[in-house]
2 protein chains.
Amino acid sequence: MKNAVVTIKDVAKATGVSPSTVSRVIADNPRISPDTKKKVRKVMKDLGYHPNVNARNLVAKSTKAIGVVLPSSADKSLQNPFFPEVLRGIGSITHQLQYSMTLSSGGTESEIFTEVERMVYGSYVDGIILLYSRVNDRIVNFLREKDFPFVIVGKPYDHLNEITHVDNDNFTAGKDITSCLIQQGHERIAFIGGSRDLFVTMDREAGYEAALKEAGIAADKAYRIHTEFLKSGGREAVEQLLSLKVRPTGIVVTDDLMSLGVLSTLEELGVDVPADISLVSFNNVYLSEITSPSLTTVDIQIYQLGAQSAKALIEKTQTKDEPAKRIIIPHQIVHRDSVATSNGAGT
Amino acid sequence: MKNAVVTIKDVAKATGVSPSTVSRVIADNPRISPDTKKKVRKVMKDLGYHPNVNARNLVAKSTKAIGVVLPSSADKSLQNPFFPEVLRGIGSITHQLQYSMTLSSGGTESEIFTEVERMVYGSYVDGIILLYSRVNDRIVNFLREKDFPFVIVGKPYDHLNEITHVDNDNFTAGKDITSCLIQQGHERIAFIGGSRDLFVTMDREAGYEAALKEAGIAADKAYRIHTEFLKSGGREAVEQLLSLKVRPTGIVVTDDLMSLGVLSTLEELGVDVPADISLVSFNNVYLSEITSPSLTTVDIQIYQLGAQSAKALIEKTQTKDEPAKRIIIPHQIVHRDSVATSNGAGT
DNA sequence: CTGTTAGCGCATTCAG
DNA sequence: CTGAATGCGCTAACAG
């Protein structure tokens with residue numbers, strides 16, 4: 001393979017110093033004379049020396065690596081462009097700080113658990129980022145028990161004040177985007193969300209409710225639909241809404257990918273967006289620019305969610321003092337073409 | 001952090017054997033009596049022993065880890081659902097074989113290069129999977145020079161017979177899907193592809209041409225459009241096609257995500273799919289089920305692309321004999337609703 | 001400012 | 001079948 005493995009000793013010999021001196025040069029120890037530093041560095045370069053991580057990790061008891069755990073891949077949700085984007089965000093920080101990132105690869109929940117165990121026990125990584133959040137999660141319990149550094153992207157179900165997490169203010173986001181619709185004169189506004197036991201859904205829904213309330217609009221239970229994430233593109237949800245005696249003129253959908261399905265169904269059923277029904281959504285993934293119409297959506301800054309979580313985690317692994325338990329990434333509404341002023345028709 | 005770090009020595013002491021015996025039990029060495037094996041294993045469990053990877057890697061000179069290099073994240077293409085899916089495929093194998101996977105995290109091409117250097121020189125990984133393919137790529141050159149194990153998902157530009165790669169038969173796929181259109185009576189068939197210096201595009205286009213030729217249909221240069229991947233959802237491409245004196249009745253688009261953009265533009269311009277124009281595509285990502293209409297597309301088995309590449313790579317790192325240089329994953333057409341019989345109108 | 005000595009946790013000779 | 005000794009490549013006291 002490699003033409004030879006040049007170690008710290010080789011460099012030492014070639015430079016005429018001791019291995020420890022070389023080691024100190026690598027660490028940029030101030031107690032080494034600039035002169036020898038330069039000499040050693042030159043030799044390192046000439047010989048093509050590169051430190052061996054494993055040896056270093058072994059003694060340092062740190063790997064400068066973080067593990068990223070995706071939801072079980074059985075979950076279709078992995079197809080959500082959300083993930084590549086958080087990974088990019090995480091990567092930006094790991095790269096900058098010279099960390100590496102290891103991905104979980106288990107297919108089922110229990111496979112993933114086993115992997116996390118290995119990561120922790122085998123000292124594969126210094127800390128872990130969880131890209132999902134489930135009720136009473138084994139992995140979270142395990143990590144807490146072991147007191148192993150981890151952060152959650154999203155909102156943890158328990159111990160909200162003890163688990164470091166990076167999230168949006170989904171309540172406010174939901175409220176803001178709903179208000180958008182209200183400001184355009186909409187009053188009959190429906191809500192299509194994912195599973196009811198996802199905090200994202202709940203929070204965004206609560207925001208939706210609050211906006212209605214604030215505007216003095218009565219909430220209608222029939223206008224609120226929860227559907228399996230991605231399930232047949234939200235077709236049922238839409239059909240259900242359209243079968244109502246009084247159709248909504250606006251819909252709040254909790255995810256761009258879901259919105260795509262809703263949009264498709266709406267189109268097939270001959271409902272024009274935004275002329276007949278306005279649509280607003282969340283996430284602002286690339287998708288939302290190229291649908292027809294393009295989506296007015298909440299930019300939740302997925303990239304930042306990733307970056308900040310990595311930053312917080314690494315900080316956690318390095319210093320004794322904990323970072324903030326709750327890190328909120330600001331959101332922002334991106335206005336596109338899926339919203340129109342309500343003509344009040346259909347009342 | 002951990003309540004203590006239990007090492008091989010602790011297990012040895014507790015069992016009343018020597019460290020080397022414990023080590024042999026871990027390796028399941030046949031020269032150890034079943035009896036002591038059982039005893040040692042029990043103690044390992046009781047004490048909660050877990051081997052330390054770094055120590056092991058250090059002596060074994062192998063990390064049981066593979067690196068996965070994504071295209072530079074500046075590239076919007078990362079938003080393509082293709083990536084999560086290959087990662088899943090890779091993960092299935094790494095998990096099964098108890099390997100771990102490290103993701104590249106560089107933003108720019110040169111950052112990525114530096115990372116790959118680290119991965120290789122620092123023995124972070126045993127091998128590398130490249131999820132992209134560029135002309136005269138620095139990384140490929142580097143890897144070849146170092147004779148470091150790697151495989152490419154897709155088609156390498158040079159040294160086709162020397163670089164292990166996992167790919168589809170894109171020529172045939174292009175031909176097959178185009179034939180689909182032809183069989184439905186279409187004769188004026190356009191092609192919208194990504195950058196011309198991507199092999200995928202070229203191969204699929206060549207297949208498209210071949211299908212036309214075989215059917216005795218004259219190829220029309222004006223029907224062939226190359227556009228920046230994802231650039232404004234292929235809007236320009238579509239407008240260009242529609243401005244033609246004789247409009248096509250069918251379009252072959254080289255990627256599902258691109259198809260979404262094309263579909264949207266078509267709709268905005270009042271062209272009905274498939275009534276006015278039929279559309280076929282490639283990849284069969286989740287998206288293609290929930291567009292309106294849903295897409296007839298080539299299932300290229302992305303998951304398998306990932307899995308087989310991981311398999312080949314690991315094989316490569318373990319045995320002396322090389323796996324096949326060229327591994328082709330079969331494709332298959334998935335018929336959905338974006339294709340209709342040509343009514344021959346518009347001639 | 002620099003060299004010497006140990007040892008991280010494990011696998012592997014080489015002896016028995 | 002098992003134990004003792006050695007070293008992977010590197011860092012960290014401890015001396016000078």
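Numbers restart at 1 for each chain; the letters A, B, ... are given by sequence-line order, proteins then strands. No hydrogens, no waters, no symmetry mates; every other heavy atom, side chains included, goes into these values.
B:T63 and B:N57 share no donor-acceptor pair across their side chains, judged by distance under 3.5 Å alone.
An OP1 or OP2 oxygen of D:dG9 is reached within less than 4.0 angstrom by a side-chain nitrogen or oxygen of B:K61.
Within 4.0 Å of B:T21, counting heavy atoms only, lie sugar-phosphate atoms of the nucleic acid but no base atom. Contacts of A:V17 with the nucleic acid, taken as non-hydrogen atoms under 4.0 Å apart, involve only primed sugar atoms and P, OP1 or OP2. Within 4.0 Å of B:T7, counting heavy atoms only, lie sugar-phosphate atoms of the nucleic acid but no base atom. Contact annotation for B:S23: base contact, defined as any heavy-atom pair under 4.0 Å involving a base atom. At the heavy-atom level, B:R56 lies under 4.0 Å from the strands shown only through sugar-phosphate atoms.
Going from atom CG of A:D28 over to atom C1' of D:dC10 covers 17 Å, rounded to whole Å.
In terms of the side-chain hydrogen bond (donor to acceptor under 3.5 Å, both in side chains) criterion, B:K13 has no residue partners (sequence neighbours excluded).
Taking the six-membered ring where tryptophan is involved, the planes of B:F142 and B:Y121 are perpendicular, since the angle between them exceeds 60° and thus also 30°.
Mapping B:I32 and A:P51 onto DNA chain D via the closest heavy atom, the residue that lands nearer the 5' end is B:I32.
At a threshold of 4.0 Å, the pair B:R41-B:D28 counts as salt-bridged, since one of the basic side-chain nitrogens sits closer than that to a carboxylate oxygen.
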